[in-house]
Q: 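Dropping a structure here in structure tokens format, bear with me for questions.
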Amino acid sequence: LIKYYKFKFMSESYKIISSSILFWFSQKKWFVYSILISIFLLNLNTPVGLTVPAYHSLIILLLVFMLVTFEPIPFPAIALLTLVLQVVLGVAPPNVVASSFMNDAVLFVMGSLMFAIAIVHQGLDIRLAKLIIKIFGKSKRMFLAGLMTISAVLSSFLGEHTVIAIMLPIGLSVIKNIDTQQTDGKNAVLLTLFSIAYGTIIGSIGTPSGGARNVIMINYLQEFSNVSIDYWKWMKHAYPILIIQLIVAYFVLQFTFPSTLNNIKMRGFKKNVGKTDIKKNINHLFSCLIIIGIVFSWFTFNDIYGLGIIALAGALTFMIFGMISWEEINKNTNWGVILLFAATISLGFQINETGASSWLVLRFNELLDTLPSNSMNVSWSIMAILSGLTANFFTSSATVSLIGPMAIELHPTDISFALSSAIASGFSFLTVISSPTAMIIYSTGLVSTKMFFRVGILMFSISIIILYLMSQFYWVTL
């Protein structure tokens, strides 16, 4: 009898353990696959022309790409794994990895996220809604053009994650009573949401503070090529592209989602945003002064203090004056994203320092030699399209962190390659996982992944063409 119960207990335990393992594998299969592929590559001979640390850095790069794409483990875990593997696999000593982990680009990401939370907490969406109605409220199409334009301008200075959080409530207030059963009403909803989304995405390329990828590329250019790009110089290169993209996006959306806009009731919306109290007015005014001060400092003092310290100063100002608590910032800051940014930047530095990026460039040039026409135009096109496509399935900042050194190595003295790679990685038009804006718009339940891709493929293609023409005919005049 004892043997029977012992056997039954062992049988039950085996079933529980085996089912737990199967369940874990079903949830983490891409983690297992990624590790097995990495182990297989580690046991191969090091490719000719690569040192062992350089080869290992590329294996870690592939591992990170697979893990971020399929996300079998959380982003913070991917970040920590990236740092651990750099030391364990001998890519760099611990102190070198630690020093490359924290720099101004990471401080900028941290400060921008905290600054964004402080701004959203003030409820500036009501103030912006009033401003848009006052300037663009004469017609519904002008109002949508205004949503796109204001989203783009704000996104270029404050970052898309901040602006989408402010602008989306305005868009949802406009469309909340629209009947989506009819095609005209459904198109009006999509036109409104895509106007905000595309304005926010397009605006993020305009200035260094528009996105972490921009600051990462500036940091890389300074480190690897000793080329300094200040706030104004970036704007001179990127803002004309932004303006042309906005015009194109407006007509692309009007063509894709034809609507009479009769379902949009502006009068009711104007009434809803017409009330504010004195306390809110004071908070909004003071918030605007802080934002202006930070943007002005980015223009004038970034060479002295760095973009990251200035962004942190903005969040600090809101806390000092009691406009937001640390608990609120801590609760809403995505620390995992900051960790991942820092880890991928660190890996990007090691890829360059070990010579892996130079090796990739040699292989890239060998590939170009096999093409019918070997020229800078072909290499530029491949680099820009590769950056754009990778960013749509990876993240833009991680893409620049990992592809950026290769883009710089291709033409160290020609910043057009580096800038094109960074700007193209901001063309987040294809997938809903490509940017915070895309994910937030998708989370409304009103936009499908197929719809996002169908509109995005046209916008992405046109944007690459615009970027190419501007780099060839406008940038050479600067």
Q: Would you say the side-chain atoms of S156 and Y239 include a donor-acceptor pair closer than 3.5 Å?
A: yes
Q: I want to check something: taking the side chain as every heavy atom from C-beta on, are F31 and M66 in contact at a cut-off of under 4.5 Å?
A: no
Q: Please name all residues satisfying side-chain contact (heavy atoms from CB on, under 4.5 Å) with L85, sequence neighbours left out, ordered by chain then number.
A: I60, L63, L81, L89
Q: Could you check L347, L339, V97, L67 and say which one makes a side-chain contact (heavy atoms from CB on, under 4.5 Å) with T82?
A: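 For T82, the side-chain contact (heavy atoms from CB on, under 4.5 Å) check succeeds only for L347.
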Q: Run the side-chain hydrogen bond (donor to acceptor under 3.5 Å, both in side chains) test against S155 and tell me which residues pass, sequence neighbours left out.
A: none
Q: Once you round to the nearest 0.5 Å, how far does OH of Y305 lie from OG1 of T300?
A: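 Between Y305 OH and T300 OG1, I get 9.5 Å after rounding to 0.5 Å.
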Q: Could you tell me whether a side-chain N or O of S151 sits under 3.5 Å from a main-chain N or O of L147, the two making a donor and an acceptor?
A: yes
Q: Hey, could you give me the CD1/CH2 distance between I218 and W234, rounded to the nearest 0.5 Å?
A: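 Interatomic distance, I218 CD1 to W234 CH2, rounded to 0.5 Å: 5.5 Å.
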Q: What residues, two or more places apart in sequence or in another chain, satisfy ring-ring contact (aromatic ring centres under 6.0 Å, His included) together with F318?
A: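 Applying ring-ring contact (aromatic ring centres under 6.0 Å, His included) to F318 gives F115.
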Q: Could you please spell out the steps behind the side-chain contact (heavy atoms from CB on, under 4.5 Å) verdict for N392 and F453?
A: CA-CA 10 Å; N392 271 276; F453 180 82; over 6 Å; no
Q: What's the separation between atom CD1 in I423 and atom CD in Q245, rounded to the nearest 0.5 Å?
A: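 Atom-to-atom, I423:CD1 and Q245:CD are 9.0 Å apart.
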Q: Can you tell me how far the OG1 atom of T390 sits from the CD1 atom of I385, to the nearest 0.5 Å?
A: 11.0 Å
Q: Quick check: does any side chain N or O of S421 sit under 3.5 Å from a backbone N or O of A418, one acting as donor and the other as acceptor?
A: no
Q: So do the side chains of I310 and I294 get within less than 4.5 Å of each other, counting heavy atoms only?
A: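 In contact.
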Q: For the rings on F224 and F349, is their centre-to-centre separation under 6.0 Å?
A: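 Yes: the rings meet the under 6.0 Å criterion.
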Q: For S57 and Q350, which I'm curious about, is there any donor-acceptor pair between the side chains at under 3.5 Å?
A: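 There is no such pair (donor and acceptor under 3.5 Å, judged by atom type) between the side chains of S57 and Q350.
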Q: Measure the CG-CE distance between L190 and M451 for me, rounded to the nearest 0.5 Å.
A: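 Answer for the CG-CE pair, L190 versus M451, is 5.5 Å.
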Q: Can you see whether R454 engages T256 through a side-chain donor-acceptor pair at a distance of less than 3.5 angstrom?
A: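 The answer is no; no qualifying pair exists.
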Q: Ignoring hydrogens and geometry beyond distance, is a side-chain donor-acceptor pair present between T149 and Y250 at under 3.5 Å?
A: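 The criterion, which ignores hydrogens and geometry beyond distance, is not satisfied for Y250 and T149.
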